[in-house]
Amino acid sequence: MYTYAGVGHSVLADSWQAGRASLEAALIPLHGRPPSLIITYFTNNHDPAQLLDGVRSLAQGATTVGACSSTVFAPSAILQQGVVTLALASNQIQATAGAITQFTQDPMGAGRDLMRQLWRPINPDTAPPNGLALMLESTHDSEAMVDVVEAVGNEIGPLLPVAGGRAIDETHRLENSIFLDDCVYGDAVASVLFRTPGAVGVGVHHGYQPLGRPLVVTRVEGNVLYELDGKSAFAAYREQLPAHLNLTPENYVRHAVNHPIGLPQMGREYIIRDPFASAPDGALLCAGALPKHSVVRIMRGDRVSLLEAARLAAADALAALGGKPPLAAFIFSCVTRVAYLGDAISEELALIRSVIGQETPLIGIASYGEIAAQPFSPPAFHNKAIVVGLLGAP
């Protein structure tokens, strides 16, 4: 019985060469075993099709999944231009992968069909007992992303941990930013389902705490928040912030970075909605839907609390392994955290490393919305969060 995982990265400018070089480095820890699964993340300066060809030139027929973002995380580096690849070789861990395209046309159906596609090849009588699902989505439609996450939860129930995020090219240079095996997709949701004899863990935190009093969502359409407590959303939001901030529509975005909107959860910390823009009529545009009549809070956070959230997410994921060492780590850190922390984003990676170990193979992506489901909780769509998923050693 064997299980090996390795990670490699490349900063070569040529997409084909960078893809091949990152996998070549990832294969070294596999001790000559052929990979069964390859996961590649790449930044938006690369051509996805050429990069995929470079990866597949060494893949030996392994299932290959990839996604694009502005920033990717390697074990010891955070890259604004580069490629990072994880290779897994195991006869103990089963990994199935699938993708649904044009999922925004029917996100609920896409989530259901994707999970059924992943489960179909698995024999429940012989499959290892534990599971972890990784999800990657490519869409600018936040409502569709929320819906597909809800559909996944309806299909799998509360027992399967999930970690994932939205992977898109914000430069709009690339039409397609997700690949599976030989195909490159846009408007797609892809997933990898691990079945493993080892323990699995997922941790999610954001580092924001409530500020001011509760507010009721009195008018909302999808991700456009029109009213709080019967007032324009902007006016009600401004009343919750200290007067010295002098909040105006012109400086709103600068203050909203530190003061997102929080949805309280039963027995868990708030789910964040990022209000990324204000409209002339006082509406706030959020990166994700808010339920009508829900109670929300304005939140606050800073560099210290955001970094502590990374440590807590890693600690929660590691605690779920029950003392077993992690085999591989999967990181999804909101792109707004990367922008806010700046150079301190390297401290986020260092804190995660301090918890999970310096040698654990790690791969991550800056995501535009995060997906997480810890054991006994349904998957949820988060903003401004850090998600750490761990596969424990078998």
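Keep in mind that the numbers below use all heavy atoms, side chains included, and drop hydrogens, waters and symmetry copies. Starting from 1, each residue takes its place in the sequence as its number.
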Counting C-beta onward and ignoring hydrogens, is there a side-chain heavy-atom pair between [X] and [Y] closer than 4.5 Å?
X    : Y    : value
I371 : F332 : no
D274 : T336 : yes
R303 : E347 : yes

For a side-chain hydrogen bond (donor to acceptor under 3.5 Å, both in side chains) check, start with the C-alpha distance between R311 and S354, then their side-chain angles and the critical distance, and finish with the verdict. CA-CA 8 Å; R311 189 192 66 79; S354 72; over 6 Å; no
Verify the distance criterion only: is there a donor paired with an acceptor across the side chains of [X] and [Y] at less than 3.5 Å?
X    : Y    : result
D187 : T104 : yes
H205 : D316 : yes
S305 : E308 : no
T139 : D141 : no
S70  : Q80  : no

For residues 85-95, which side-chain donor-acceptor pairs fall under 3.5 Å, sequence neighbours excluded?
unit_1	atom_1	unit_2	atom_2	d
T85	OG1	S22	OG	2.7
T85	OG1	T40	OG1	3.0
S90	OG	Y2	O	3.4
S90	OG	T3	OG1	2.7
S90	OG	Q92	N	2.9
S90	OG	I93	N	2.8
N91	OD1	Y2	N	2.9
Q92	OE1	T3	OG1	2.7

Output yes when [X] and [Y] qualify as a salt bridge under the 4.0 Å nitrogen-oxygen rule, no when they do not.
X    : Y    : value
K292 : E221 : no
D53  : R20  : no
E239 : K231 : yes

Between Y237 and Y252, is the ring-ring contact (aromatic ring centres under 6.0 Å, His included) condition met? List the steps. CA-CA 10 Å; Y237 180 99; Y252 167 77; 5.4 Å; yes
Do F276 and Y368 make the cut of ring centroids closer than 6.0 angstrom?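 Ring centres of Y368 and F276 not closer than 6.0 Å.
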Out of L225, I261, V216, which one pairs with V296 under the side chain to side chain contact (heavy atoms under 4.5 Å, CB included) rule?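 Of all the options given, the one that passes is I261.
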Stepwise side chain to side chain contact (heavy atoms under 4.5 Å, CB included) check, L193 with M115: CA-CA 9 Å; L193 175 63; M115 288 299 106; over 6 Å; no
Looking at N123, I'd like to know if its CG atom is crowded, meaning that more than 12 non-hydrogen atoms belonging to other residues, nucleotides or ligands lie closer than 6.0 Å.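 Correct, the count exceeds 12.
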Do R300 and N258 pass the side chain to side chain contact (heavy atoms under 4.5 Å, CB included) test, and can you show the C-alpha distance, the side-chain angles, and the key distance before you say yes or no? CA-CA 5 Å; R300 61 180 170 188; N258 290 349; 6.0 Å; no
Hey, does the Lys NZ or Arg CZ of R219 hover above the aromatic six-ring of Y226, less than 6.0 Å from the centre and inside 45° of the axis?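 Checked: cation-pi criterion met.
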Given 3.5 Å as the limit, does a donor-acceptor pair link the side chain of Q265 with the main chain of L263, or not?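 Judged by distance alone, yes, a pair lies under 3.5 Å.
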